[in-house]
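Data block below; observations after.
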Amino acid sequence: MRKKWTIGLTSASLALVLAACSDPAEPVDGSNEKENSDLTLEQVFNKSVQAGEDLTSMEAVIQMNQNLTLPGEEMELTTESTIEMDMVLEPMALYQKVETTGDGMMQSDEAMTVESYLTDDGFFMYDFTTDQWNKLPKEMSDQIIQLSNSQNQPNEQLKALEPFKDDFTFEQDDSSYILTLNASGEKFSELLLDQTSEMMPDLGMGMSAEELFKDTTFEDVMYEIVIDKESFLPSRLDMDMTMIMTMEGESLEIEQQSETVYENFNTIDEITVPQEILDSAVETQ
């Protein structure tokens, strides 16, 4: 009898998963019934990944809040960042401006602003402490390219989450599909560790990413992906996450919330470093 119950419950669970993937998106409150789509989650996911293959450039604005609790300390360190980014995908080139404010991490209330360019001419970053543009080594350019490919391209984000698409809730409003994933546990930790290892194969700390993050847990992870109904390209990606790192018996807790808005797809022909920066940049080792 117990075996029959187990088989029955397993079959019912599988049926629910298959139904979830084959059902159209649930309309949110206030949506117009005439704008409802009959596409399934599987179809939207595939169309979005395919649309991303044709991307040549994009702009993104990222709002990121981070709260860090130090081991054995009651003080919490908080930062708020706004990241504006222009990106050309082939060959990879980008311009980025980051403004950061925070409590406990900076000596003034003024925002710290960092600008950078990555093109065929190299990787250039503005040092606000010296009011000087620096040209960084090629190995840093390679790391930035690797990071941008895996973290900033919406198509790559979708591919990374594809193994979890059966766990998404699937909704729609008049103009968008809304995919939400609440995930925690071992399978998600392994995904995040794999992504971290790809982004930072050598952390320069005498240890690999696998070693540094081996005692790290990821909790309360939430993704929300908003996909435009016409282009099938993501217009927004929100992520909330709590990461707990344990080292030498002490735990460091990091809470992070980010909202990325994508826009102006395929409108940038090239990104160039201004001539005055090329002329004045100081090469660093």
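By convention here, the first residue in the shown sequence is residue 1. All values reported here derive from a predicted model rather than from experimental measurement. The basis for the numbers below is simple: all heavy atoms, side chains too, and nothing from hydrogens, waters or symmetry mates.
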How about Thr242 and Glu255: does a side-chain donor come under 3.5 Å of a side-chain acceptor? no

For Phe232, give me all partners under ring pair (Phe, Tyr, Trp, His ring centres under 6.0 Å), at least two apart in sequence or on another chain. none

All side-chain hydrogen bond (donor to acceptor under 3.5 Å, both in side chains) counterparts of Gln132, not counting sequence neighbours: none

Provide the closest heavy-atom pair for Ile268 versus Ser57 in the form atom of the first, atom of the second, distance. N-OG, 3.0 Å

cation_pi(Lys229, Tyr177) dist<6.0 Å, angle<=45: yes

Please check if the number of heavy atoms outside Glu230 that lie under 6.0 Å from its CD is greater than 12. no

Do Asp238 and Arg236 pass the salt bridge (charged side-chain N to carboxylate O under 4.0 Å, His left out) test, and can you show the C-alpha distance, the side-chain angles, and the key distance before you say yes or no? CA-CA 7 Å; Asp238 297 346; Arg236 199 183 79 237; 3.0 Å; yes

Can you tell me if Ser235 and Asp228 form a side-chain donor-acceptor pair at under 3.5 Å? no

Between CD of Glu250 and CE of Met245, what distance do you get to the nearest 0.5 Å? 13.0 Å

State whether a side-chain donor-acceptor pair under 3.5 Å links Thr79 with Thr100. no

Would a 4.5 Å heavy-atom cut-off, applied to side chains only, mark Glu224 and Val226 as touching? yes

NZ/NE/NH1/NH2 to OD/OE distance under 4.0 Å, Lys159 and Glu162: no

Taking the side chain as every heavy atom from C-beta outward, state whether Gln172 and Asn36 have any atom pair closer than 4.5 Å. yes

Would you please indicate if the ring centroids of Phe124 and Trp133 are separated by under 6.0 Å? no

Could you verify whether a donor N or O on one side chain and an acceptor N or O on the other, from Gln50 and Asn46, lie under 3.5 Å apart? no

